[in-house]
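Note on naming: letters A, B, ... go to the chains in the order of the sequence lines (proteins, then strands), and numbering restarts at 1 for each one.
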Amino acid sequence: MRDPGAFLDHMRRAPPLVHNITNFVAMNVMANVMLAAGASPAMVHARDEVLDFTRLAQALTVNIGTPDAAWAEAMATAAEAARAAGRPWALDPVGVGATPFRQALCARLLACTPTVVRGNASEIRALAGLDATARGADAADSVEAAEAAARDLAARSGAVVAVSGPVDFVTDGETAFRVRNGHPLMPRVTALGCSLNGVIAAFLVDQPALPATAAAMAYYGLAGERAGAGAAGPGSFQTAFLDALHRITPADLTAGARVEPA
Amino acid sequence: MRDPGAFLDHMRRAPPLVHNITNFVAMNVMANVMLAAGASPAMVHARDEVLDFTRLAQALTVNIGTPDAAWAEAMATAAEAARAAGRPWALDPVGVGATPFRQALCARLLACTPTVVRGNASEIRALAGLDATARGADAADSVEAAEAAARDLAARSGAVVAVSGPVDFVTDGETAFRVRNGHPLMPRVTALGCSLNGVIAAFLVDQPALPATAAAMAYYGLAGERAGAGAAGPGSFQTAFLDALHRITPADLTAGARVEPA
Amino acid sequence: MRDPGAFLDHMRRAPPLVHNITNFVAMNVMANVMLAAGASPAMVHARDEVLDFTRLAQALTVNIGTPDAAWAEAMATAAEAARAAGRPWALDPVGVGATPFRQALCARLLACTPTVVRGNASEIRALAGLDATARGADAADSVEAAEAAARDLAARSGAVVAVSGPVDFVTDGETAFRVRNGHPLMPRVTALGCSLNGVIAAFLVDQPALPATAAAMAYYGLAGERAGAGAAGPGSFQTAFLDALHRITPADLTAGARVEPA
């Protein structure tokens with residue numbers, strides 16, 4: 001794969017405005033994560049303006065963590081507009097297996113051809129039509145158990161599909177990578193998975209989707225490793241994680257990324 | 001009372017999925033508090049799915065901090081379902097005395113027989129029908145001034161009623177405890193009271209409500225004591241508080257809990 | 001200008017209850033900022049109760065960061081009530097130039113005669129009817145390029161107008177000040193600008209608007225300076241910023257404020 005640090009460098013040289021329709025739990029963290037990384041986030045969801053805003057932004061993220069009917073309309077409107085404009089967009093199918101409402105919403109959003117779908121193993125299995133052991137936002141399946149589902153979903157949808165876990169897996173249906181960066185405290189801080197999609201979207205602007213996604217995941221996991229080194233628990237971890245996102249340079253990422261063909 | 005650490009140990013051995021319908025200020029903190037404690041939180045409020053989700057979860061919390069008409073319907077739907085299924089649920093009547101809308105909503109929710117009602121002294125007084133000195137989410141009455149109201153509300157509603165303050169008070173209408181753990185910086189961090197209800201709900205699963213609530217409050221206050229010992233203000237306190245929730249063991253809680261009969 | 005520390009002292013001697021209708025990203029941070037400063041925040045937006053709550057509070061803030069049609073109604077209702085009652089209220093026109101929906105909403109809110117309007121340079125230029133380089137919530141224009149717009153907007157609206165940036169500018173249309181306190185990490189933490197309006201509103205209670213606003217901005221910037229001195233990035237900065245707001249005394253503010261006539 002191309003030098004991972006080059007993707008971080010490219011993003012920071014022209015910080016993209018990323019439009020996010022995300023859940024209430026993640027909004028603040030996601031904005032802080034994106035600012036620390038060097039991107040420019042905006043959270044806009046109202047049907048009265050979502051289409052106007054989609055036109056201003058260079059990338060979009062949609063996250064179904066706390067959806068309702070009105071937000072679902074805004075998500076579909078924005079995703080359709082991003083697709084029509086040829087702009088990258090990333091879907092986070094939070095808890096898709098938990099309720100029929102989420103399943104129907106994800107089916108509608110997949111029809112808007114996301115550039116990247118990133119979730120945990122249970123979410124990717126559920127999206128691919130497999131039985132998954134969904135328990136809210138937490139994965140109950142292993143990443144390995146979702147690899148075939150990820151390849152299948154990528155091949156069918158045209159999206160790059162990424163599975164977060166102790167070792168991440170990312171594929172476009174043909175080529176695949178494993179990303180070994182990360183830290184066990186990451187799932188003990190809420191919305192870190194959600195917030196990763198904002199970084200992925202920023203990396204996608206004017207870049208090929210598969211390596212850009214792998215580079216974003218390596219960057220994120222590397223920040224986790226640095227934060228975890230001195231953390232006394234999830235509180236100090238979260239603080240140090242934002243600092244690490246801010247301080248990691250492209251050269252640091254190139255040196256520290258652990259991305260390998262799968 | 002039974003060994004407080006046993007309740008923490010029980011909760012962590014089988015981390016319960018807790019469904020929370022809470023306010024916008026608290027959502028992120030509450031999720032982080034519950035993850036740090038060892039529980040599995042999920043925030044779901046849409047009428048399109050709230051009933052489906054209530055069926056998946058082992059406990060429920062309802063918090064009226066930033067309500068509107070649609071959320072009020074979801075709260076009542078979820079509370080009714082939890083009651084019908086015999087699952088524990090905890091009510092946080094934030095600012096109930098402030099507006100007629102909140103008073104009517106709380107009356108409706110009390111009819112769904114919460115397992116626990118926890119609030120500050122002004123909120124418990126207002127719920128019990130007494131004049132309270134409500135000022136938004138901050139208590140203006142002393143815990144002592146709410147003890148009779150708490151006993152009365154518990155006896156009438158069948159709920160365990162807990163009053164947060166410098167010394168907490170918790171009662172089922174007959175038996176009562178005081179919990180002396182805590183730190184003066186706790187009310188200087190927003191939504192820490194709200195987030196306590198998530199911990200209480202996690203402790204309630206398959207446990208008797210009165211001692212489980214007292215144990216959760218002691219655990220929470222002990223984390224506050226540990227965090228406060230090194231904090232330079234409410235920012236560093238919040239960080240250290242999450243670390244402490246994560247690090248306190250059942251044995252630590254047994255040693256540090258200051259629960260006494262009232 | 002009058003001693004800046006006197007405004008902090010006045011606010012803390014009788015902590016005002018401030019009613020905030022703000023965006024989802026800012027809610028938690030804004031509440032924590034106001035608690036750390038010594039004020040009493042409440043977030044209330046539902047049409048079912050917003051008018052009742054406006055009557056309880058001593059000041060109001062309105063922030064259009066994540067608006068929709070229902071919230072817009074609540075904002076206008078609360079602003080009109082504050083005006084009618086003679087209570088101070090502060091407007092934050094987040095991203096006003098980005099969409100026609102925001103422009104129409106701000107026009108409606110300006111008609112409710114805010115006491116203070118505070119935004120970044122692009123927002124103040126857009127409000128004054130100038131072309132602005134809006135990019136979501138981030139300013140793309142310099143403070144200097146917004147000074148004439150600020151004076152004009154203040155003269156036309158009757159509001160004190162404040163422009164946040166590396167050096168802040170604040171004017172009532174005749175007199176003007178520059179506030180040189182601040183730190184470059186402040187715009188790398190989301191919602192710190194939004195949260196400043198809560199501090200301004202708390203300072204406005206029973207005080208003249210122009211010097212109270214300048215004092216609040218100096219206090220905020222001084223906390224940023226203290227936090228930035230030891231921060232390793234935006235995560236540790238945010239933690240230290242809340243600590244600094246909590247620890248700065250009126251005497252500290254008087255000694256550290258860098259406010260000068262413009």
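Of the listed residues A/Val44, A/Thr22, A/Leu245, A/Thr239, the one with more heavy-atom pairs under 4.5 angstrom with chain C than any other is A/Thr239. With respect to chain C, the highest number of heavy-atom pairs below 4.5 Å among A/Ala46, A/Ser236, A/Ala240 belongs to A/Ala46. In terms of heavy-atom pairs under 4.5 Å with chain A, the best-connected choice from C/Ala26, C/Ala72, C/Pro100, C/Gly235 is C/Gly235. Among the candidates A/Leu242, A/Asp243, A/Val29, the residue making the largest number of heavy-atom pairs closer than 4.5 Å to chain C is A/Asp243.
Atom CZ of C/Arg247 is surrounded by 12 or fewer heavy atoms from other residues, nucleotides or ligands within 6.0 Å.
Taking OG1 of C/Thr99 as the reference point, atom CG of A/Leu56 lies at 8.5 Å (rounded to 0.5 Å). Atom CE in C/Met27 sits 8.5 Å away from atom CZ in A/Phe24 (nearest 0.5 Å).
Side-chain contact check for A/Asn32 versus C/Gln238: some heavy-atom pair is nearer than 4.5 Å. A/Met43 is not listed as a side-chain neighbour of C/Thr190, based on a closest heavy-atom distance of 4.5 Å or more. Side-chain contact check for A/His246 versus C/Leu185: some heavy-atom pair is nearer than 4.5 Å. Two residues are said to be in side-chain contact when any heavy atoms from C-beta on lie closer than 4.5 Å; A/Asn28 and C/Val25 meet this criterion.
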Full working for side-chain contact (heavy atoms from CB on, under 4.5 Å) between A/Asp48 and C/Arg102 | CA-CA 9 Å; A/Asp48 314 83; C/Arg102 289 178 193 229; over 6 Å; no
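The nearest pair of heavy atoms linking A/Gly38 to C/Arg188 is CA-NH2, 3.4 Å.
At a 4.5 Å heavy-atom cutoff, the contact between C/Thr66 and chain A is made by backbone and side-chain atoms alike.
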